[in-house]
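Taking it in order: structure first as structure tokens, then the write-up.
Proteins come first, then strands; the chains are lettered A, B, ... in the order of their sequence lines, and each starts at number 1. Note: hydrogens, waters and symmetry copies are ignored here, and every other heavy atom, side chains too, is used.
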Number of protein chains: 2
Amino acid sequence: MLERTPMNASAKPHRAADHSRQGRSGQPLHEGQNRFVSIWGEMGSSWGIPRTMAEVHALLYIVGQPLNTDQIMERLSISRGSASMSLKSLHDWGLISRVHKRGDRKEYYRAEQDVWQVFRIITRERKRREIDPVLMALHDCRDLTGPRRPQDAGDEQVESHNERLDRMIEFIELIDSLADQFVSPAGKGLQLAVGLLGKAV
Amino acid sequence: MLERTPMNASAKPHRAADHSRQGRSGQPLHEGQNRFVSIWGEMGSSWGIPRTMAEVHALLYIVGQPLNTDQIMERLSISRGSASMSLKSLHDWGLISRVHKRGDRKEYYRAEQDVWQVFRIITRERKRREIDPVLMALHDCRDLTGPRRPQDAGDEQVESHNERLDRMIEFIELIDSLADQFVSPAGKGLQLAVGLLGKAV
DNA sequence: ACCCTGTTTCAAATATTTTTGAAACAACTA
DNA sequence: TAGTTGTTTCAAAAATATTTGAAACAGGGT
């Protein structure tokens, strides 16, 4: 969450060298890309996404062009294994796609460029992996203190417990269905809401 | 993020004993509370909140009554230091408040009971600590490749880089202002949006 | 089949985060 | 002031998460 001192900064084999080279006027661009990568990595890690995975995604997004594993390793100074794992996760999420170049055996990867789509994907995954299971667990939990069981009728403690649980479940279900709207193929949900909200408040 | 095997499960001094006692009909309630605490702790840790802090919050929310440090330690089998730190964080966030009981030197803590308010507070804090700094950093980053600098005019690379950056910044600013609406004292923002959305889609 | 190039896997190494517990502190009381 | 009770702090210990790197694998060529 804080600094970014590489685990192993020495220039060993298997690791890409760092680049103190490059002296054209492409410098501010390059520096801008690096900055973006750092910001995104930092942000990712504070939202529970491994920093390196976020950095790989940031690099592919900001470069705009497909890159291969070696280019990513070199640019980010990360190991082959780490690059491979990050790319796999990003691909599983649907945030990047594989690209083949004719006459090149290497795989290239391109990031989704539509920002709305990027956040739709992230929302979809987090909902699926984090919100939905919680909701299921909360319903199980609610079942423990029963659907207004006779013997509890009048048990003030149980009743207020159930009320608290119900309020929480209801709220999370609301968020959940909002996320559904945003994620849905129609997908204009949030944009619409924003428009309406802008006028209404 | 996964299991929940206590760091130190042995019954040493300074640690609250675990309770295999309790045999009244208050059992399902007690079990329901425990379940809720686990779910919330799990959820918190997948959202970047220390598990224990989330568990303390969950306990105070679901119990509904103010509890003191020793009761929390015992119920959650955590150390005094951990309890104190979690309570401090929760208090800093504004999710719990201190309560004094006459004739008792101990501090008691009560959780905010309004679910909407709870999520408004969480939104406010995350926005302040995570979104706003990112936005500032992104603007700095954007400045590196300048405000349509003359020498870059026609540099296709720089121009498309700036476009990508601008799209991202614009999106995050949108989210940021949505969060503002939700957090705002008027505070009916999201409820309103939900209503409108429900009808409009 | 063997060699070459590129990719994936996964146990071990490393880094990061969280928790503990004992000491320092604070606020009363006698 | 010394004693008592409750709270906070923080360095060290423990737990968790991430990264590495070498070996296994995959798919062409030849």
Side-chain angles (χ1 to χ4, degrees), chain A residues 1-16 41-42 44-56 66-74 76-92 96 98-109, chain B residues 1-16 41-42 44-56 66-74 76-92 96 98-109:
Chain A
M1 226 130 164
L2 286 153
E3 332 180 30
R4 179 48 164 173
T5 309
M7 248 172 184
N8 178 353
S10 64
K12 285 189 187 169
H14 264 262
R15 290 297 294 283
E42 184 71 14
S45 83
S46 84
W47 285 82
I49 288 151
R51 188 193 301 264
T52 297
M53 174 175 162
E55 289 193 346
V56 171
L67 298 179
N68 65 40
T69 307
D70 291 280
Q71 294 172 313
I72 294 167
M73 284 168 59
E74 152 150 328
L76 262 30
S77 304
I78 60 175
S79 71
R80 187 167 298 282
S82 194
S84 174
M85 278 172 141
S86 293
L87 289 167
K88 182 179 184 340
S89 297
L90 289 168
H91 191 252
D92 288 348
I96 63 177
R98 288 185 218 279
V99 178
H100 292 284
K101 294 208 165 172
R102 25 196 322 88
D104 191 339
R105 294 246 250 107
K106 287 187 170 66
E107 297 264 25
Y108 285 72
Y109 300 90
Chain B
M1 227 131 163
L2 287 152
E3 333 179 29
R4 180 48 166 174
T5 309
M7 248 173 185
N8 176 352
S10 63
K12 283 189 187 169
H14 266 261
R15 290 297 294 282
E42 185 71 15
S45 83
S46 82
W47 286 82
I49 289 152
R51 187 193 301 263
T52 297
M53 176 175 159
E55 289 193 346
V56 171
L67 299 180
N68 64 40
T69 306
D70 291 280
Q71 293 173 314
I72 293 167
M73 285 168 59
E74 152 151 327
L76 262 28
S77 303
I78 60 176
S79 70
R80 186 168 299 282
S82 196
S84 173
M85 278 173 141
S86 293
L87 289 167
K88 181 180 184 338
S89 298
L90 290 168
H91 190 253
D92 288 348
I96 63 176
R98 288 186 217 279
V99 178
H100 292 283
K101 294 208 164 172
R102 28 196 318 92
D104 191 339
R105 293 245 250 109
K106 288 187 169 67
E107 297 263 25
Y108 284 73
Y109 300 90

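For the atom pair CD (B/E107) and NZ (B/K101), the distance works out to 12.5 Å, reported to the nearest 0.5 Å. To the nearest 0.5 angstrom, A/Y109 atom OH is 10.5 Å from A/K88 atom NZ. Of the inter-residue distances, the one linking B/L67 atom CG with B/K106 atom NZ reads 12.5 Å to the nearest 0.5 angstrom. Between the CG atom in A/N68 and the CG atom in A/D104 there is a gap of 6.5 Å [rounded to 0.5 Å].
The heavy-atom pair separating B/D70 from B/R80 by the smallest distance is OD1-NH2, 2.8 Å. When every heavy atom of B/S79 is checked against every heavy atom of B/M73, the shortest pair comes out as O-CG, 4.0 Å. Closest approach of A/S82 to A/T52, counting heavy atoms only: OG-CG2, 3.7 Å.
Annotation: side chain to side chain contact (heavy atoms under 4.5 Å, CB included) contacts of A/I49 (sequence neighbours excluded): A/M53, A/A54.
Distance CE (A/M85) to C1' (D/dA22): 14 Å, rounded to an integer number of Å. Here D/dT9 presents its P atom at 13 Å from NE2 of B/H91, a figure rounded to the nearest Å. Atom CD of B/Q71 is separated from atom P of D/dT7 by 11 Å (rounded to the nearest Å). Atom-to-atom, NE2 of A/H100 to C1' of D/dG27 comes out at 12 Å; the value is rounded to the nearest Å. When rounded to the nearest whole Å, the span between CD of A/E42 and P of D/dT18 equals 14 Å. Across the protein-nucleic acid pair, A/I72 atom CD1 and D/dT20 atom C1' stand 17 Å apart, rounded to whole Å. Going from atom CD1 of B/I78 over to atom P of D/dA15 covers 16 Å, rounded to whole Å. D/dT18 atom P lies 14 Å from atom CG of A/L90, rounded to whole Å.
Judged purely by atom type and a 3.5 angstrom limit, A/E74 has no side-chain atom pairing as donor or acceptor with the backbone of A/Q71.
In this model, the phosphate group of D/dT20 is approached by a side-chain N or O of A/S82 to a distance below 4.0 Å at OP1 or OP2. Look at B/T52 and you won't find any side-chain N or O under 4.0 angstrom from OP1 or OP2 of C/dT18.
Direction of the helix axis in the helix from C/dA1-D/dT30 to C/dA30-D/dT1 shifts by 0° between the two five-pair termini, rounded to 10°.
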Can you build the contact string for nucleotides 1-8 of chain C? Use B for base contact, S for sugar-phosphate-only contact, and - for no protein heavy atom under 4.0 Å. ---BBSBB
